Amino acid sequence: MTDTPADTLIVLDFETTGLSPDQGDRAIEIGAVKIENGVIGARFQSLMNPGRRISSFIEGYTGISNRMLQDAPPCEQVMAEFAAFIDGYNLLAHNASFDQKFLDAELERVGASRRHPFCCSMLTARRIYQDAPNHQLGTLVRYKNLPTDGTYHRALADAEMTAHLWLRMLSDIEQRYQLAAPSFAQMQKLAKTAKKSVDGFMLRQRISRPH
DNA sequence: TGCCAGGCCCTCTTTAGGGCCTT
């Protein structure tokens, strides 16, 4: 599954009650967009009721209120639908370790497990955009002048911005290194390459690439 | 009462510390 083009995958983003499912935190919103051959297509978005009240900090941070969650379907129902949406696709998120642990925790609650490999747009951006002021999603959107409606910290909006960031990084890699259509596996390796070794790594990818 | 994550990555490192990034 990993040896596929990096321009076909699903970008996802969770809003949650806090930072750690190991501390009892739950998902409250999932947003995702499907990228097929470099084109953003199908979208998935849903609030989900975690079965408890969320803090005023999270209400302020996300704009998602306890009132909004009262009428939302339960996490279990949403995650079952989302599992079907992502089936068969590689996954991408900004700071993927965060979304990965919530995805795994919520899927486990519905008796499902994740087989899909993840890539991280934040780790990739740290390699490709070493001169950026920082590597927060919002900063990178402004840094690269990417499309946005000004909504931040909502799942679908963040997933869409991450999708645009990913496509821009693929485009910039193509221009900078003359490496067209890198694979998902190559991008995973890039994300783990030491910053100072990125240029050499990308050159080797170009030379060793099968034609 | 007081505490509250964790993986990644850099450096004045590796027998460690601290900033970044996500909610």
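Numbered from 1 within each chain, the chains take letters A, B, ... in sequence-line order. Worth saying up front: this structure is predicted, and the values here are computed from it rather than measured.
Where A/Ala194 and A/Thr62 meet DNA chain B, the nucleotide closest to each residue was compared, and A/Ala194 sits on the side nearer the 5' end. Across the interface with DNA chain B, nearest-nucleotide mapping of A/Ser20 and A/His94 shows A/Ser20 to be the residue nearer the 5′ end.
When heavy atoms are screened at a 4.0 angstrom cut-off, A/Asp13 is found touching the sugar-phosphate backbone but no base atom. Using a 4.0 Å heavy-atom cutoff across all strands shown, A/Leu137 reaches sugar-phosphate atoms only and no base atom. Contact annotation for A/Phe57: base contact, defined as any heavy-atom pair under 4.0 Å involving a base atom. Note on A/Ala191: only backbone sugar-phosphate atoms sit closer than 4.0 angstrom, heavy atoms only; bases stay farther off.
Between the side chains of A/Glu36 and A/Tyr89, at least one donor N or O sits under 3.5 Å from an acceptor N or O.
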Would you sort out whether A/Asp199 and A/Arg176 count as a salt bridge (charged side-chain N to carboxylate O under 4.0 Å, His left out), showing the intermediate values? CA-CA 9 Å; A/Asp199 286 348; A/Arg176 190 184 305 176; 5.3 Å; no

Could you walk me through whether A/Glu160 and A/Lys34 satisfy the salt bridge (charged side-chain N to carboxylate O under 4.0 Å, His left out) test, starting with their C-alpha distance in whole Å, then the side-chain angles of each, then the deciding distance to 0.1 Å, before giving a yes or no? CA-CA 9 Å; A/Glu160 294 213 20; A/Lys34 191 172 287 184; over 6 Å; no

Assess the residue pair A/Asp13 and A/Thr162 against the criterion (side chain to side chain donor-acceptor pair (under 3.5 Å)); give the C-alpha distance rounded to whole Å, side-chain angles, the decisive distance to 0.1 Å, and a yes or no. CA-CA 9 Å; A/Asp13 183 75; A/Thr162 303; 5.8 Å; no

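Taking A/Phe102 as the reference, A/Phe98 meet the ring-ring contact (aromatic ring centres under 6.0 Å, His included) condition, with sequence neighbours excluded.
A gap of 25 Å separates the P atoms of B/dC20 and B/dT15, to the nearest Å.
From the 5' end on, the contacts that DNA chain B makes with chain A at under 4.0 Å to a non-hydrogen atom open and close at B/dA5 to B/dT23.
Hydrophobic cluster membership for A/Leu69: A/Ile28, A/Leu47, A/Ile54, A/Phe57, A/Ile58, A/Tyr61, A/Ile64, A/Met68 (Ile, Leu, Val, Met, Phe, Trp, Tyr linked by side-chain heavy atoms under 4.5 Å, directly or transitively).
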